Number of protein chains: 2
Amino acid sequence: MRLTHKQFRELAAKHGLPVTHQRQVVYEAVIASHRHHSPEDIYAAVRRRIPSISLATVYNNLRLFIECGLLREVTPHASTLRVDGNLEPHHHLVCSRCKSVQDIEGDFIDLKRLSRQLPGGFDLSQPLIEVFGLCRSCSAKK
Amino acid sequence: MRLTHKQFRELAAKHGLPVTHQRQVVYEAVIASHRHHSPEDIYAAVRRRIPSISLATVYNNLRLFIECGLLREVTPHASTLRVDGNLEPHHHLVCSRCKSVQDIEGDFIDLKRLSRQLPGGFDLSQPLIEVFGLCRSCSAKK
DNA sequence: TATTGAATAATAACTATTATAAAACGAGCG
DNA sequence: CGCTCGTTTTATAATAGTTATTATTCAATA
C-alpha cells in the first residue's frame, strides 16, 4: 500500500497532475486488486475509505488517469454496438481515441504460438483480434 | 443486391432462422455499405425501405444475427468501462460472451510485419492487442 | 375461415455515463 | 491568520444506448 502511495505521487508528478486524497485512493483501489475493474467496483472499494466520495469523482478521475496514461482502458471501443458483415478472416485496427475501425490482414499473428499460450479450454476457433493505437488524424492532433 | 438477397436466405436457412422481410432488409443494409455500422446507422438506412420499422426490431435482429454468426460484433466489450493499472507490456484475452479478461503474453505477434501492414500515420507506439474468443466456461456451455 | 405461435411496433424502463451547478478545498499572498 | 482565486468534489439532473414489455400484426396450419 505504501508502495502504490509513492508510485501514484510519482506518476502524478510526472504528468503534472495535482494529487488529491480522492485521486490517491481511487488509484490505489485500481492497483490493489489485480483484476480489471468497472467504475462501480472501484466506487464500492473507495467508499470504504472515503464514504462521502461521489461516483462522478470516480468517473472523472478514471478518465483523467486514462488520458494521462496512468491507467489503460480495456477494449477502448465506441460506446455503441458496431457490426461487421464480413465473415472472411480479417482483423481490426481500432483508434483508441476516435474509435474508428479499419480492417487489417492477420498474418502478423503466430497462431501456433498463440494457441500454446492459451489457458485450457479457451476456444479460439474464430479468432478475432483487435489492435489498438492512434489513427493518423488523432496522432497528428496529439 | 440480388446477391445479398440470396446470400441471406442461405445463411438464414443454414442457421434455422426464419426469413422475414425486416430481417432481409436489415441484413442487406449491413452488407450494402462496407463500413462498420451502429444500430442507428442501420435503422436510418432500413427506414428508407421500411418506414414503419422500429428501432427495437433492428436491435433484436442484429443481436440475433450476431448470436447465429451471420454478423460479427466489432469490439465485443463489457457494457461498462474497464480499467487496467498494469502498464507493463501485455495483452488481453477477452471472452466474447461473458466479457471476462485475462492477461496474455504478447510474443505471438510479429510487430515488424504488423508495422508494415499499418496504414500511414497509424501510431502503434503503445500497442494494445486484444484477442477475442470464448473462455472455458462459456465454450463449455455452448 | 379460425386458431396458434412467432415477429414486429410502440413505447416505457433501465443502466452507464456525462454535464451542471453549488459547495468545499487549498495554495499563495497580504 | 484570514482572504481570494482557481480547482476539485459533491449532488443531482440529463442524456444516450439498449433492453423489456405489451399489444398488435402476420403467416402458417388445421
Side-chain angles (χ1 to χ4, degrees), chain A residues 8-9 12-13 15-30 36-68 70-71 73-83 96-99, chain B residues 8-9 12-13 15-30 36-68 70-71 73-83 96-99:
Chain A
F8 176 69
R9 285 162 171 278
H15 294 283
L17 210 62
V19 173
T20 68
H21 184 219
Q22 281 86 344
R23 284 178 188 167
Q24 181 91 54
V25 174
V26 168
Y27 181 78
E28 287 176 11
V30 174
H36 304 92
H37 311 270
S38 72
E40 282 290 343
D41 294 339
I42 295 162
Y43 179 51
V46 169
R47 281 225 283 191
R48 288 199 291 271
R49 291 178 60 194
I50 314 179
S52 70
I53 200 166
S54 137
L55 179 58
T57 298
V58 172
Y59 270 99
N60 288 340
N61 287 320
L62 289 180
R63 199 135 64 97
L64 197 61
F65 294 165
I66 291 167
E67 296 267 310
C68 293
L70 270 71
L71 300 177
E73 184 178 352
V74 178
T75 56
H77 49 58
S79 61
T80 172
L81 177 66
R82 294 298 153 89
V83 295
S96 300
R97 185 163 296 260
C98 71
K99 325 298 185 194
Chain B
F8 177 69
R9 284 163 172 277
H15 295 282
L17 210 62
V19 172
T20 68
H21 184 220
Q22 281 86 344
R23 284 178 188 168
Q24 181 91 54
V25 174
V26 167
Y27 180 78
E28 287 176 10
V30 175
H36 304 94
H37 310 270
S38 72
E40 283 289 344
D41 294 340
I42 295 162
Y43 180 51
V46 169
R47 281 225 284 190
R48 290 199 290 273
R49 291 178 59 195
I50 312 178
S52 69
I53 201 166
S54 137
L55 179 57
T57 298
V58 172
Y59 270 98
N60 286 340
N61 286 320
L62 288 180
R63 201 134 65 94
L64 198 59
F65 294 165
I66 292 167
E67 295 267 311
C68 293
L70 270 71
L71 300 176
E73 184 177 354
V74 178
T75 60
H77 53 264
S79 60
T80 173
L81 177 67
R82 292 300 153 88
V83 125
S96 300
R97 185 164 295 259
C98 71
K99 323 301 183 193

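The structure displayed is predicted, hence computed values, not measured ones.
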Pick one: which of B:Thr57, B:Ile50, B:Ile42 meets side chain to side chain contact (heavy atoms under 4.5 Å, CB included) with B:Val26?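 Considering B:Thr57, B:Ile50, B:Ile42, a side chain to side chain contact (heavy atoms under 4.5 Å, CB included) with B:Val26 is found only for B:Ile42.
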Closest to side chain of [X], choosing from [options]:
X	options	answer
A:Thr80	D:dT18, C:dA7, D:dT10	D:dT18
A:Leu55	C:dT8, C:dA19, C:dT17	C:dT17
B:Ala56	D:dT9, C:dT11, C:dA7	C:dT11
A:Asn61	D:dT9, C:dT18, C:dT17	D:dT9

Describe the nucleic acid contact of A:Thr57 in one word from base, sugar-phosphate, nothing, applying a heavy-atom distance below 4.0 Å.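 Base contact - A:Thr57 has a heavy atom under 4.0 Å of at least one base atom.
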Under 4.0 Å, counting only non-hydrogen atoms across every strand here, what does A:Ser79 touch: a base, just sugar-phosphate, or nothing?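 Result for A:Ser79 = sugar-phosphate.
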Separation of [Y] [atom2] from [X] [atom1] (nearest 0.5 Å):
X	Y	atom1	atom2	result
A:Lys99	B:Thr75	NZ	OG1	9.5 Å
A:Asn61	A:Cys68	CG	SG	10.0 Å
B:Glu67	B:Arg97	CD	CZ	5.5 Å
A:His37	A:Leu71	NE2	CG	9.0 Å

In this structure, how many angstroms lie between the [atom2] atom of [N] and the [atom1] atom of [X], rounded?
X	N	atom1	atom2	result
B:Asn60	C:dA10	CG	P	14 Å
A:Arg47	D:dA11	CZ	P	10 Å
B:Tyr59	C:dA13	OH	C1'	15 Å
B:Leu62	D:dT19	CG	P	10 Å
B:His77	C:dT15	NE2	C1'	13 Å
B:Glu73	D:dT18	CD	C1'	12 Å
B:Arg23	C:dA6	CZ	C1'	9 Å
B:Gln22	D:dT24	CD	P	18 Å

Check whether any side-chain nitrogen or oxygen of A:Thr20 sits under 4.0 Å from OP1 or OP2 of D:dT7, and answer yes or no.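 A:Thr20 to D:dT7 OP1/OP2: no side-chain N or O under 4.0 Å.
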Please tell me which of B:Ile50 and A:Pro39 maps to the more 5' nucleotide of DNA chain C, matching each residue to the nucleotide holding its nearest heavy atom.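 Its nucleotide being nearer the 5' end, the pick is B:Ile50.
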Let me know, please, whether A:Arg63 or B:Pro18 comes out on the 5' side of the other along DNA chain C by nearest nucleotide.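 Nearest nucleotide further toward 5': that of B:Pro18.
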